[in-house]
Amino acid sequence: MVCIYKIDYKKIEENIKLLDKSDYLVLKSNAYGFGFKKVLDIAYKCEMKKFCVLELNDAIYIKKRYKESVVLLLGPLNKKHLKVYQDYEINITITNLKDFNMISNYNILYQIEINSGMNRFGVLNIDFDLILDDSRFIGVYSHNATGDIYFINEQIQYFFNLVKYLNNKEIHFASSGIKSMKIPFVNARRIGCDIYKDSLYVYGKIIQINYCVKDSYIGYDYSYKFACDSYVGVIDIGYADGLCRECSGFMVWIKNKYYPLIGKACMNHTFVLLDCSDLINSKVTIIGNNNKIDNYVKYFKKIKHEVYLDFLKHY
């Protein structure tokens, strides 16, 4: 891998400082590829002390390093780990009614996940009156399934009908994708992707320039045919580095101008259509100041979470 990745951790810190102290930071999947331990320490420096993780080892690490922090373990319970949850004071998620019986003999704080439409985990319905006197019950949450406002409102209404009579409990529904929505009955959010806004840079370099004649082809499967004689740059980034293989047409930034990628990305290289032959060794911005990640997300029909993980899997 020759391409360059840069993470602006100062920008991540600035983004975290914009959050409420009641918010949970979601640090699953190695903090979306940005480095679990690094982002955790930045968050704690910013006085954030509430975290969501998916892996038990991550939860234990946080509690060992910052004992006073609140750690919510997402996903289904593991019966083998009940004593560990208790010993490290890790908050767990109840995702089905069997979980209540599983933890009956343990002093473990728990939150209940409501299945409001995602149909992944969570209970569809619950009589909270049966557990309101349980001091271990501290909160309830759900996960939005879509950015479509109609379906979000349906989910919110379903969730609200179940939790509207709860008092003194933590209630969270909104996540990064719908953070701008005002949901009056919630008192916390789970924020993951938003803290990495404008912090990822992906650069390549033109390492070869070829002259290709009209009606010739380039790359695997001869996926691009030249309409006229053209200069083509070979960039040192390919699908092994996270770039989408079907990348033809995506615009990259080179020396104050946009140029289109052409053909299919190779494992370690890809092609860019140029207008001159003097751009050898020039920096190519795939994602950066002049080529925001939003351009990449829109063109390749991906979500930012996916793009972060694509590019940072080798970081």
Side-chain angles (χ1 to χ4, degrees), residues 5 7 9 12 15-16 19 23-46 48-96 98-100 102-103 106-115 118-123 136 138-145 170 172 175-177 188-196 199-200 242 303-315:
Y5 300 104
I7 296 175
Y9 285 104
I12 292 175
N15 292 337
I16 291 175
L19 302 179
D23 291 336
Y24 282 94
L25 286 190
V26 181
L27 300 181
K28 63 182 181 178
S29 299
N30 193 30
Y32 294 82
F34 286 84
F36 166 72
K37 294 179 181 179
K38 179 77 171 180
V39 176
L40 170 66
D41 289 345
I42 292 172
Y44 207 83
K45 175 185 174 183
C46 297
M48 301 297 294
K49 297 182 179 180
K50 295 168 64 179
F51 306 98
C52 292
V53 295
L54 191 62
E55 300 294 334
L56 179 57
N57 286 340
D58 290 344
I60 292 173
Y61 178 88
I62 296 174
K63 294 300 290 189
K64 281 184 174 180
R65 186 167 178 82
Y66 303 115
K67 183 174 176 57
E68 70 277 21
S69 62
V70 176
V71 181
L72 175 61
L73 191 63
L74 304 172
L77 297 183
N78 187 325
K79 187 176 182 178
K80 297 178 181 178
H81 298 152
L82 295 179
K83 186 150 189 329
V84 178
Y85 304 147
Q86 177 178 276
D87 290 347
Y88 283 97
E89 298 180 344
I90 296 168
N91 296 355
I92 62 168
T93 296
I94 297 293
T95 60
N96 58 69
K98 293 180 181 178
D99 291 345
F100 287 107
M102 193 187 303
I103 67 169
Y106 293 87
N107 184 24
I108 305 173
L109 299 181
Y110 64 84
Q111 298 200 30
I112 298 172
E113 181 176 1
I114 301 296
N115 177 9
M118 183 74 169
N119 288 320
R120 181 175 59 184
F121 301 118
V123 295
R136 301 173 303 168
I138 60 171
V140 59
Y141 69 89
S142 189
H143 187 84
N144 62 297
E170 195 161 56
H172 42 115
S175 57
S176 295
R189 299 179 300 174
R190 299 186 310 282
I191 304 296
C193 194
D194 268 13
I195 68 173
Y196 309 112
S199 65
L200 174 65
I303 59 174
K304 289 181 182 178
H305 312 54
E306 185 180 3
V307 175
Y308 292 148
L309 292 170
D310 283 347
F311 281 115
L312 295 175
K313 60 188 174 184
H314 300 303
Y315 183 78

Please check if the side chain of [X] supplies one atom and the backbone of [Y] the other of a donor-acceptor pair under 3.5 Å.
{"X": "K63", "Y": "S69", "answer": "yes"}
{"X": "N96", "Y": "D99", "answer": "yes"}
{"X": "E113", "Y": "T95", "answer": "no"}

### Task
Could you tell me which non-hydrogen atom of L54 sits nearest to which non-hydrogen atom of L74, and how far apart they are?
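Distance-wise, the nearest heavy atoms are CD1-O, 3.7 Å.
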
### Query
Between S142 and I114, what is the shortest heavy-atom contact and its length?
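So the minimum-distance heavy-atom pair works out to OG-O, 2.8 Å.
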
### Message
Test of understanding: with side chain to side chain donor-acceptor pair (under 3.5 Å), list the residues that count as partners of Y66, not counting sequence neighbours.
### Response
D41

### Message
List the residues meeting side chain to side chain donor-acceptor pair (under 3.5 Å) with S29, not counting sequence neighbours, and say none if there are none.
### Response
none

### Task
Can you spot which of R189, K50, R190, H143 makes a side chain to side chain donor-acceptor pair (under 3.5 Å) with H172?
R190

### Residue pair L200 / L312, side-chain heavy-atom distance below 4.5 Å
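Yes. Closest side-chain heavy atoms under 4.5 Å.
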
### Task
Determine, step by step, whether L77 and I94 satisfy the side chain to side chain contact (heavy atoms under 4.5 Å, CB included) criterion, reporting the C-alpha distance in whole Å, the side-chain angles of both residues, the deciding distance to 0.1 Å, and the verdict.
CA-CA 7 Å; L77 297 183; I94 297 293; 4.2 Å; yes

### Query
Hey, which of I16, I195, L40 is the one that makes side chain to side chain contact (heavy atoms under 4.5 Å, CB included) with M48?
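Of all the options given, the one that passes is I16.
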
### Message
Around atom OH of Y88, are there more than 12 heavy atoms from other residues, nucleotides or ligands closer than 6.0 Å?
### Response
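It does not: Y88 OH has 12 such atoms or fewer within range.
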
### Task
Measure the acute angle between the ring planes of Y32 and Y196, then classify it against the limits of 30° and 60° as parallel, tilted or perpendicular.
tilted

### Query
Y85 and Y106: aromatic ring centres closer than 6.0 Å?
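Ring centres of Y106 and Y85 not closer than 6.0 Å.
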
### Message
Please confirm whether the ring centroid of Y24 lies under 6.0 Å from the ring centroid of Y141.
### Response
no

### Query
How far apart are the C-alpha atoms of I92 and I103, what are their side-chain angles, what is the distance that settles it, and do they pass the side chain to side chain contact (heavy atoms under 4.5 Å, CB included) test?
CA-CA 10 Å; I92 62 168; I103 67 169; 3.8 Å; yes

### Pairwise distance CG(N107) to CG(L82) - rounded to 0.5 angstrom
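So the CG of N107 and the CG of L82 are separated by 12.5 Å.
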
### Task
Decide yes or no on side chain to side chain contact (heavy atoms under 4.5 Å, CB included) for L72 and T93, but give the supporting numbers first.
CA-CA 7 Å; L72 175 61; T93 296; 3.7 Å; yes

